[in-house]
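All remarks here apply to the structure that follows.
We use all heavy atoms of the structure for the numbers below, so side chains are in, but hydrogens, waters and symmetry mates are not. From a predicted model like this one, the values you see are computed outputs, not experimental measurements.
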Amino acid sequence: MYTRTENPLHIIQEVIDNSADEALAGHASVIGVRLHDDGSVSVVDDGRGIPVGIHPEEGVPVLEIVYTRLHAGGKFDKGSGGAYAFSGGLHGVGVSVTNALSTRLEVTVWREGHEWQMTFVGGVPEGGLRKLGPSGGRTGTAVRVWPDAKYFDDAGIPVAELARGLRARAVLLPGVTTRLFSDKTGQDQAWHYTGGLRSYLDEALGDVERVCAPWSHAGFVAAGDETFAEGEGGEWVLVFTAEGSVVRESYVNLIPTPAGGTHEAGLREGLFQAVKAFVEQHGLLPKGVKLLPEDVFARSSFVLSAKVLDPQFQGQTKEKLTSRDALRLIANQVRGPLELWLSTNLEAGRRIADLAIRAAQTRQRSAQKVEKKKGSGVAVLPGKLTDCESTDLSRNELFLVEGDSAGGSAKMGRDKSFQAILPLRGKVLNTWEADRDRLFANAEVHDISVALGVDPHSPGDAVDLSGLRYGKVCILSDADVDGAHIQVLLLTLFFKHFPELIARGHVHVARPPLFRVDVEARAKKPARKLYALDDGELAHILDKLRQEGLSEKAWSISRFKGLGEMSAEQLWETTLAPDTRRLLPVALGAVGSSATQERFQLLMGRTEASARRAWLEARGHEAELDI
């Protein structure tokens, strides 16, 4: 649940993260990793050392609790002088998972003038905390881990990926040295970047020609802000290139976010608004050309390091930031300084603007070519379809929305420039065994096909997709059992009768939240609305609120009975806005096409009632029912 199991790298990174948090807090200057001959790995830092005193409530050493208890780390205690105000921890689990998945783990601490050691075997403490002698003035922590091979697909550590992570931490922590040594190969590498993000991006881009000099900046919230906590913000370096591949790396509290997230969306928004303002101020936009965020963003390379208090991530492995406030936080910090930089570097501003305008012109020409292919014989679109203005397939989205009331909220909340809404009344026909010639007898299926501009087809058919009107087809239903049923019926329709749309990645499922948590204002922190996708996320949000010191009376929980209960603004923020929504692409899984065909036949076939009953009896206990 809390880690990746391809190899043990992630449980080693949890230990490295603890050392990096010490460095981020200003208490460590060296982080060293050693790969031993016996397959174990050591991580050493010169920080303050993990506390070794007795926990006042538990009656055992704090060191033991850190390595054996879930949700017991100091990262959540934001008010304590010993806690990390900005850490990467989402779940508060960290090194307790490292211990749980290791055959043996040894911790040595130099603290309070002494050297201490504790050993864990199979996750269980062995022999208690031992005082070995004086520390000789040294402080810090050394952790040696023997990963348990039975939990991982491959017991080996990917050295190149480990090295990249250590180098990234040296970049993000200017003045801190990271080092990697291997007993087996004799590899000994050290990284120390005094130039920080800028020198790292220059190295990553190599000889690629820059349109202008890089722009680097750091922006953090000052004390007294009514929306964000003091110290939140980020630092970044941004550069534009005319051709070649782009480099984009982002981090949150030193944690790499390879899948991006709301902090990257904030950078894009701030960049777009600043460049757009520059273009308008100097009258650079040709007539008939509309500038979009992707036009400005297309040729940008950046390294972004964000600091966010209590970050929320998608999944426990922290690959994508989902904290909605981070978008506004980073956008606010980027826009003003960039507008100032562009106005004082006019030549650079004009080159960036020219790059964006040419991208917009190319995009619009491409959209016009697609429109010409459609010909003049266009079917009359369904009357209940609320269409979008754009004809650009790369942007257009069609939302198939459950119910007229939800459709009304979606129509008001959408971005009409590229989002179309088609409300569906009731449940769509089970089309698994429906004859293709009889499909259009069902009004909902007829409207979907006409709105898409694609005729039903079978796998292997020569399909004409030139009439396709939307690049994304998004199923939007309630976050309950009925909504899940509607999803299945629509996925059945697309898999059986529009398989090419799935094969080419056009079909998606939107995931609206099931709960809303209203948190009352406290001190200088305004009232908040937090959304949870399911019971698990709700439990996590409530856990975080308790860790903030709030009582149960400080919040109220609302459960959405359906999309129709959401206001247009809520639906936009949680489900429609490209930068903050959760949209899952639909594709064939690892089981392949034939196995998927068999499963659909079992679940949707009219003659499979007895087999379906047997399958439910055998597997029904695995379902997480929302009753």
Side-chain angles (χ1 to χ4, degrees), residues 227 261-262 265-266 268-269 272-273 290 292-294 312 314 322-328 331 381-392 394-426 444 447-448 451-452 469-480 482-483 486-487 490 507-518 526-534 537 558-585:
T227 306
T262 48
R268 183 177 71 166
E269 176 67 15
F272 170 64
Q273 294 297 341
K290 182 179 180 180
L292 297 177
E294 52 263 42
Q312 288 182 302
Q314 180 173 299
T322 58
S323 304
R324 291 191 172 93
D325 287 344
L327 191 154
R328 198 153 41 98
L381 294 175
K384 58 185 179 180
L385 170 71
T386 303
D387 210 356
C388 57
E389 297 170 351
S390 170
T391 58
D392 183 355
S394 64
R395 296 189 73 228
N396 286 2
E397 301 174 349
L398 173 65
F399 281 85
L400 305 177
V401 184
E402 172 190 354
D404 287 336
S405 59
S409 294
K411 288 173 187 176
M412 290 187 288
R414 70 182 178 132
D415 184 331
K416 66 179 182 180
S417 65
F418 68 96
Q419 291 178 325
I421 307 295
L422 180 62
L424 303 175
R425 292 178 184 171
E444 305 296 332
D447 288 349
I448 290 170
L452 289 174
R469 304 180 66 248
Y470 307 97
K472 284 189 177 76
V473 186
C474 310
I475 300 169
L476 176 53
S477 58
D478 292 345
D480 58 13
D482 280 340
I486 288 171
Q487 279 184 25
L490 286 169
V507 182
H508 296 72
V509 173
R511 303 193 71 191
L514 191 57
F515 300 101
R516 187 186 80 206
V517 182
D518 293 286
R528 289 173 284 168
K529 284 184 172 60
L530 307 174
Y531 298 95
L533 187 70
D534 50 28
E537 281 198 0
S558 304
R559 179 185 170 115
F560 293 111
K561 292 179 181 176
L563 294 168
E565 285 191 355
M566 286 190 185
S567 66
E569 183 181 356
Q570 289 171 339
L571 197 57
W572 166 256
E573 182 184 0
T574 62
T575 317
L576 297 175
D579 291 328
T580 54
R581 69 191 179 190
R582 296 189 182 184
L583 199 62
L584 300 181

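Atom CZ of Arg582 sits in a crowded spot, with more than 12 heavy atoms from other residues, nucleotides or ligands closer than 6.0 Å.
No side-chain donor-acceptor contact under 3.5 Å links Gln487 to the backbone of Val509. Listed for the Thr262 side chain is no donor-acceptor partner under 3.5 Å among the backbone atoms of Ala326. In this structure a side-chain-to-backbone donor-acceptor pair under 3.5 Å is missing from Gln570 to Met566. A distance-only check finds no donor-acceptor pair linking the side chain of Asn396 to the backbone of Gly471 [under 3.5 Å]. One N or O on the side chain of Ser323 and one on the backbone of Gln312 form a donor-acceptor pair closer than 3.5 Å.
Residues Ser558 and Asp518 have side chains in contact (heavy-atom distance under 4.5 Å, counting atoms from C-beta outward). Counting only heavy atoms from C-beta outward, the side chains of Arg516 and Thr574 never approach each other to under 4.5 Å. Between Leu400 and Val473 there is a side-chain heavy-atom pair separated by less than 4.5 Å. Looking only at side-chain heavy atoms (C-beta outward), Phe418 and Lys472 stay at 4.5 Å or farther from each other. Between Leu424 and Ile448 the shortest side-chain heavy-atom distance falls below 4.5 Å. Between Cys474 and Gln419 the shortest side-chain heavy-atom distance does not fall below 4.5 Å.
Interatomic distance, Leu530 CG to Phe515 CZ, rounded to the nearest 0.5 Å: 14.0 Å. Distance check, rounded to the nearest 0.5 Å: CG of Leu584 to CZ of Arg511 gives 5.0 Å. Interatomic distance, Lys384 NZ to Lys411 NZ, rounded to the nearest 0.5 Å: 9.5 Å. Atoms CD1 and CG, from Ile475 and Leu490 in turn, are 5.0 Å apart once rounded to the nearest 0.5 Å. Put simply, CG on Leu563 and CG on Asp478 are 4.5 Å apart, with the number rounded to the nearest 0.5 Å. Note that the CG atom of Leu576 and the CD1 atom of Ile421 stand 6.0 Å from one another [nearest 0.5 Å].
Here the closest heavy-atom approach between residue Phe560 and residue Pro513 is recorded as CD1-O, 3.7 Å. Taking every heavy atom of both residues into account, Ala451 and Tyr470 meet most closely at O-CE1, 3.2 Å. Scanning all heavy atoms of the two residues, the minimum distance from Arg559 to Glu565 falls at O-OE1, 3.7 Å. For the pair Gly483 and Ser477, the tightest heavy-atom approach, listed with the atom from each and the gap, is O-OG, 2.9 Å. Between Arg414 and Asp387, the shortest heavy-atom contact is NH1-O, 3.0 Å. Counting all heavy atoms, side chain and backbone alike, Lys290 lies closest to Ser417 at NZ-CB, 4.2 Å.
For the residue pair Ser390 and Asp392, no side-chain donor N or O sits within less than 3.5 Å of a side-chain acceptor on the partner.
By the 4.0 Å N-to-carboxylate-O rule, Glu294 lies close enough to Arg395 to be salt-bridged with it. At a threshold of 4.0 Å, the pair Arg528-Asp325 does not count as salt-bridged, since none of the basic side-chain nitrogens sits closer than that to a carboxylate oxygen. In summary, Arg581 and Glu397 engage in a salt bridge, as defined by a charged side-chain N under 4.0 Å from a carboxylate O.
By the side-chain hydrogen bond (donor to acceptor under 3.5 Å, both in side chains) test, Lys416 is found to be paired with no residue, residues two or more places apart in sequence or in another chain being considered.
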_Test log, rule side-chain contact (heavy atoms from CB on, under 4.5 Å), inputs Thr580 and Trp572_ = CA-CA 9 Å; Thr580 54; Trp572 166 256; over 6 Å; no
*Let me see the working for Leu398 and Arg469 under side-chain contact (heavy atoms from CB on, under 4.5 Å), right down to the final yes or no.*
CA-CA 9 Å; Leu398 173 65; Arg469 304 180 66 248; over 6 Å; no
